[in-house]
Amino acid sequence: MQQKIQKTSPGNSQKNLPGEKAEMLKSGPSAKKGGTEGVGPSKTHASRWMEKLKREKWINPKKQTSHRMHDKTVVGKNSKGSSMRPGTSTKTITTGKRSETKTKGEDSKTSASTTTSSKISAVQKKSKKKVSRVSESLAVRFPGVQKISNSKGGCVSEMSAQEKLADKEFDEIEELDVDIEIDQQSSSAPERLLEDKEGNRYGDPQLRIRCYLEACVFIDDVARAQSCLLSHHRQLSKRMHLSISAYNIVMRMWAKRGSFNHIRRLFVLIEEAGLKPNVVSYSAALECIGRMPECQTWIIKRCLQQMEVDGLSVDDVFRQCVFKKDEREMVLRAVRLVHPEYQPIVSKDQPVCSLPLVKQDVSIFIHSLLWHPPQIGFIKPHPIVTQIQRVAMETKLTFDSYVMPMLCPPIPWTSPKSGAYLLTPTKLMRSTDGAIQHQLLLEKSRDEDLHAVLDSLNQVGSCPWKINKPLLDIIISIFNDKGNDKLCIPPPLSEAPEIPRFNPHDPSYTQAEKAYMKREGVKAKKKVAEMHSLRMDALYKLSIANHMRDEIFWFPHNMDFRGRTYPRPPYFNHLGSDVTRGLLLFAEGQPLGPKGLVWLKIHLVNLTGLKKCSSLAGRLEYADSIMEDILDSADHPLDGRKWWMNADEPWQALACCMEIANASRSPDHTKFISYFPVHQDGSCNGLQHYAALGRDVIGATSVNLMPCEVPQDVYSGVAQQVEEFRARDAEKGLKIAQVLEGFISRKVVKQTVMTVVYGVTRYGGRLQIEKRLKEIDDFPKDYIWEASHYLVKQVFSSLKEMFTGTREIQEWLTESASLIAKSGRTVEWVTPLGLPIVQPYHRIKNQTLKSSMQNLSIHISHDANEKPDSMKQKNAFPPNFIHSLDSTHMMLTSLHCYRAGLTFVSVHDCYWTHAVTVDIMNRMCREQFVALHSQPILEELSRFLLKKYCSDFDLEKVKESVYFFS
């Protein structure tokens with residue numbers, strides 16, 4: 001095996017040999033005398049090469065007989081010399097066994113040494129000529145510069161240590177082989193790079209050099225920049241990567257220090273590189289002169305004359321150069337030494353684009369006022385600027401670490417101040433920035449009172465997850481193929497409707513047509529904005545999922561002020577949409593066991609939404625009857641029957657189909673390891689808590705608190721009763737009731753029924769129903785507003801009849817909160833698990849900031865020093881209190897599941913676990929609900945409110961009053 005080490009000749013060597021000092025090109029007074037001073041004789045230089053050879057032989061004495069050294073041009077298929085530039089010679093040292101290609105006999109060593117010496121002597125002669133030539137050319141540009149640099153009373157101050165270090169680097173430049181030509185040039189020409197009018201060449205090497213030099217400018221390290229420039233300049237293979245801008249960067253650094261000696265030498269290097277100084281080069285020279293305490297004016301004159309020779313003028317310097325700090329003043333000072341009356345000429349008529357399609361004088365920002373009471377001012381970027389920024393943005397998404405899932409288990413919560421992320425501080429209780437009343441309340445609580453809450457947070461956050469990769473690949477393929485609205489994969493903006501354009505001043509349009517076109521334009525713009533928002537949201541989710549596809553990850557949790565738990569990563573988590581839920585699997589698998597496959601099938605039917613009123617046995621029977629569709633969906637999701645696409649939750653349904661297919665095809669499905677999470681959802685959980693609090697039998701039956709043969713569906717019950725009301729009104733001749741015939745369904749009323757218990761108003765309920773009616777293609781659009789107004793009234797009437805106890809509890813909670821708020825205090829209570837809660841609703845504080853452009857009005861709604869917002873305090877208390885109860889139920893269930901060794905995760909009132917443990921989780925869920933509502937919750941709340949808000953008087957203190965009767 002042969003090892004070849006190639007080194008360039010001394011003038012182009014990457015690193016000077018030890019003890020070997022490179023020759024330096026000087027243009028001082030000695031250069032005028034003979035032009036040879038500073039270049040040693042041939043004997044001296046040749047002797048250094050001989051010393052190097054002896055040193056190499058001393059290092060490897062055992063291989064001395066096998067070493068061969070010869071100067072030649074490296075040619076061959078595997079030779080690196082084929083890629084070297086002309087004028088570069090190589091020295092090849094081959095180590096290894098003797099071969100026939102090696103030189104024969106000891107005489108070859110002598111001949112090689114002689115040849116080397118003769119070549120070095122020839123090169124030195126050429127280098128002497130080179131020194132004279134450079135000195136003459138420099139004298140043309142800067143005559144008398146030797147006097148400046150060497151005179152005893154010179155104008156250049158003594159060089160600093162940093163300058164001496166850079167000057168030493170200058171001394172190491174070797175020019176021995178600049179004019180040497182190799183016998184054979186590269187067979188393939190290097191790639192030609194784009195070059196601008198200033199000589200800047202664009203490519204990775206050039207950018208790296210310029211970036212490095214700019215970094216040196218930033219840290220003010222001129223010696224490092226000088227060293228980098230010289231290391232590239234001394235090798236022709238690297239010199240080609242240097243442009244005039246690289247030399248100018250270093251030149252401007254020396255100009256800051258007023259070191260004209262280094263400026264002069266950089267002009268020498270520019271000439272050696274075959275480049276031409278530009279306005280920046282002369283600007284640096286003039287700036288340097290301007291910083292010198294004294295300077296002879298005739299030098300500045302000759303510099304300005306040379307600028308004219310190069311086709312430049314002083315006006316070009318001031319017009320084309322970008323100055324920083326005092327650079328312009330220094331250049332102007334140098335020019336005025338020879339032209340005292342000089343004033344830079346800057347044309348007010350800047351050149352502009354003459355194309356008629358290009359709009360000129362575009363403001364970067366637009367300031368506008370919206371004349372609606374109150375007057376609102378907007379400052380926004382111009383659309384052209386926004387478009388430029390959008391085009392220039394990187395396609396690579398960058399996320400902060402705290403918005404990504406963790407790659408290690410979260411830090412356990414041990415106090416309100418410590419938990420979740422390793423480095424990022426996280427609040428135990430979410431709140432608006434600046435709202436501190438929650439944190440103060442938690443810190444006043446005893447640590448032992450919060451242990452149950454903290455343990456529950458630690459339990460739900462300790463569940464490891466992984467990505468369902470087959471499903472992810474399918475979703476990404478649809479996302480890249482223009483999406484699919486039916487499958488909740490948003491399409492790109494290329495599929496957005498075209499925004500209608502019209503001229504409002506066109507007399508051919510009537511006022512009605514103009515109003516219609518304007519409304520359609522607003523709708524189209526709104527649709528485009530919604531599509532963009534949904535598309536970006538899906539892009540974020542899929543990008544994170546794809547990034548985590550081969551990882552095990554965790555979701556750290558905290559909670560809101562009501563105690564409801566939430567994962568901290570906002571974009572991708574199990575609380576997300578059907579797409580994100582379908583992509584998530586438990587990282588720890590469990591065998592299905594005897595009933596695991598049964599629960600997978602029941603879960604699939606639940607996801608379809610087809611058998612809500614069927615028993616578990618009926619749902620299992622239905623799943624068995626459609627096994628062909630299930631297997632076809634798993635095997636051919638995009639080119640089969642596509643049964644899964646008609647489910648309420650299509651992506652979770654497809655993932656479940658794949659799990660059922662894999663389990664049913666395994667040799668023993670009871671031993672099949674399943675990672676799939678099975679959900680168990682509460683039946684309108686808010687109404688369940690109200691029914692349990694009021695011991696309302698009718699309400700409890702409708703939300704499945706009472707045993708039944710088939711599940712009761714409160715949404716279907718409300719829809720049925722609303723339909724009865726509609727039929728009665730239709731017989732009376734009510735037009736809207738007749739229009740609604742056949743359109744009242746469970747889906748139309750579900751959201752309103754679900755949120756009534758959480759404090760939704762009639763207005764909010766009408767908007768919910770309106771949205772559902774718009775989704776029905778056959779419903780006449782002209783009747784949507786009237787129909788939604790009619791239906792929300794009937795839904796509220798139906799709920800009032802079905803849940804009498806619920807309405808009474810809501811009214812008591814609302815009235816209590818109203819009295820508390822009127823007393824000037826916020827509503828507080830403590831959950832059965834000991835979590836203190838305070839409602840953070842205060843009156844809005846308006847702060848006005850005046851400026852020359854406009855006055856800014858800031859609305860602050862979380863200032864604890866402001867009085868409570870009475871309306872929000874009373875309307876929010878009933879739903880917030882129920883939310884605190886369902887969070888308590890979830891925490892109790894999670895703690896008992898953890899004690900039993902179950903995997904447990906919740907999405908508020910929807911609990912997840914493995915298929916094999918669904919029965920156990922269901923039993924614990926029911927047990928903890930009973931245990932919770934066995935407590936005197938309303939009585940405890942009443943006592944707490946009376947003690948806190950009614951009076952501070954303790955009746956027992958009467959027994960200690962000596963003067964009660966005296």
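On a predicted model such as this, the values are computed, not experimentally measured, just so you know.
- The two residues A647 and A653 make their nearest non-hydrogen contact at CB-CB, 3.8 Å.
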- Message: Test side chain to side chain donor-acceptor pair (under 3.5 Å) on Y790 and D729; report intermediate values, then the result.
- Response: CA-CA 11 Å; Y790 172 82; D729 293 338; 2.5 Å; yes

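- In terms of heavy atoms, A719 sits closest to I744 at O-CG2, 3.8 Å.
- Of all non-hydrogen atoms in L604 and C656, the two that sit nearest each other are CB-SG, 3.7 Å.
- Rounding to the nearest 0.5 angstrom, the gap separating the CH2 atom in W829 from the CG atom in L945 is 9.5 Å.
- For R535 and F479, the positive end sits near the middle of the six-membered ring, less than 6.0 Å away and at most 45° from its axis.
- The aromatic rings of F561 and Y841 lie perpendicular to each other, with more than 60° between the two planes, well past the 30° mark.
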- Message: Is there a side chain to side chain donor-acceptor pair (under 3.5 Å) between R726 and Q794? Walk through the geometry before answering.
- Response: CA-CA 8 Å; R726 185 211 61 80; Q794 303 306 323; over 6 Å; no

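- Residue I820 holds its CD1 atom at 10.5 Å from CD of E815, rounded to the nearest 0.5 Å.
- At a cut-off of 3.5 Å, with distance as the only test, no side-chain donor of T826 or Q839 sits close to an acceptor on the other residue.
- Residues H679 and H908 place their aromatic rings such that the two centres sit no closer than 6.0 Å.
- Scanning all heavy atoms of the two residues, the minimum distance from P650 to L487 falls at CB-CD2, 4.1 Å.
- Each of I475, T580, I489 was compared with L542 under the side chain to side chain contact (heavy atoms under 4.5 Å, CB included) criterion, and only I475 meets it.
- Dense packing is recorded around CZ of F944, with more than 12 heavy atoms of other residues, nucleotides or ligands lying under 6.0 Å away.
- No side-chain N or O of E709 forms a donor-acceptor pair with one of S615 less than 3.5 Å apart.
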- Determine, stepwise, if the pair L885 / T831 fulfils side chain to side chain contact (heavy atoms under 4.5 Å, CB included). CA-CA 7 Å; L885 291 182; T831 69; over 6 Å; no

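- N875 places a side-chain heavy atom less than 4.5 Å from the side chain of M871.
- Minimum heavy-atom separation, T888 to P832: OG1-CD, 4.0 Å.
- Here the straight-line distance linking atom CZ of R519 with atom NZ of K514 works out to 14.5 Å at 0.5 Å rounding.
- Checked against a 6.0 Å centroid threshold, the rings of H933 and H689 count as neighbours.
- Classification of the W785-H789 ring pair by plane angle, with boundaries at 30° and 60°, yields parallel.
- What you find for K793 and R762 is that their closest heavy atoms are CA-NH1, 3.5 Å.
- Counting non-hydrogen atoms of other residues, nucleotides and ligands closer than 6.0 Å to OH of Y783 gives a total of 12 or fewer.
- For the residue pair W912 / S906, no side-chain donor-acceptor distance below 3.5 Å is found, with atom types taken as modelled.
- K526 NZ: 12 or fewer foreign heavy atoms inside a 6.0 Å radius.
- Counting heavy atoms of neighbouring residues, nucleotides and ligands inside a 6.0 Å radius, atom CD of E939 exceeds 12 of them.
- Interatomic distance, L791 CG to L773 CG, rounded to the nearest 0.5 Å: 6.0 Å.
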- What's the verdict on side chain to side chain contact (heavy atoms under 4.5 Å, CB included) for D506 and Y509, showing C-alpha distance, side-chain angles and the deciding distance? CA-CA 6 Å; D506 190 345; Y509 291 104; 3.6 Å; yes

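- A salt bridge links K774 to E770: at least one charged side-chain nitrogen sits closer than 4.0 Å to a carboxylate oxygen.
- When only modelled atom types and interatomic distance are considered, R562 and S884 share no side-chain donor-acceptor pair under 3.5 Å.
- Rounded to the nearest 0.5 angstrom, S716 OG and K747 NZ are separated by 13.5 Å.
- Within a 6.0 Å radius of CD in E495, more than 12 heavy atoms belonging to other residues, nucleotides or ligands are found.
- Within a 6.0 Å sphere centred on CE of M706, heavy atoms belonging to other residues, nucleotides or ligands number 12 at most.
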- List the steps and the verdict of side chain to side chain donor-acceptor pair (under 3.5 Å) for N573 and K541. CA-CA 9 Å; N573 57 62; K541 288 178 169 61; over 6 Å; no

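- No side-chain heavy atom of M754 sits less than 4.5 Å from a side-chain heavy atom of V714.
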- Message: Applying side chain to side chain contact (heavy atoms under 4.5 Å, CB included) to T701 and D696, what does each step give before you reach the verdict?
- Response: CA-CA 8 Å; T701 302; D696 192 338; over 6 Å; no

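- Annotation: side chain of T752 is not in contact with side chain of V749 (no heavy-atom distance under 4.5 Å).
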- Apply the test side chain to side chain contact (heavy atoms under 4.5 Å, CB included) to residues M891 and M559: give CA-CA distance (whole Å), side-chain angles for both, the deciding distance (0.1 Å), then the verdict. CA-CA 11 Å; M891 290 181 178; M559 56 187 176; 4.1 Å; yes

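- Heavy-atom contacts from other residues, nucleotides or ligands closer than 6.0 Å to CG of L767 number more than 12.
- More than 12 heavy atoms of other residues, nucleotides or ligands shown are found within 6.0 angstrom of CZ on F743.
- No donor-acceptor contact under 3.5 angstrom links the side chains of Q712 and N704, judged on distance only.
- Evaluated for a side chain to side chain contact (heavy atoms under 4.5 Å, CB included) with P492, the options H532, M531, K482 yield exactly one hit, K482.
- By the 4.5 Å heavy-atom criterion applied to side chains, W643 and T608 are counted as neighbours.
- The residues K527 and E530 are annotated as not salt-bridged, no charged nitrogen and carboxylate oxygen being separated by less than 4.0 angstrom.
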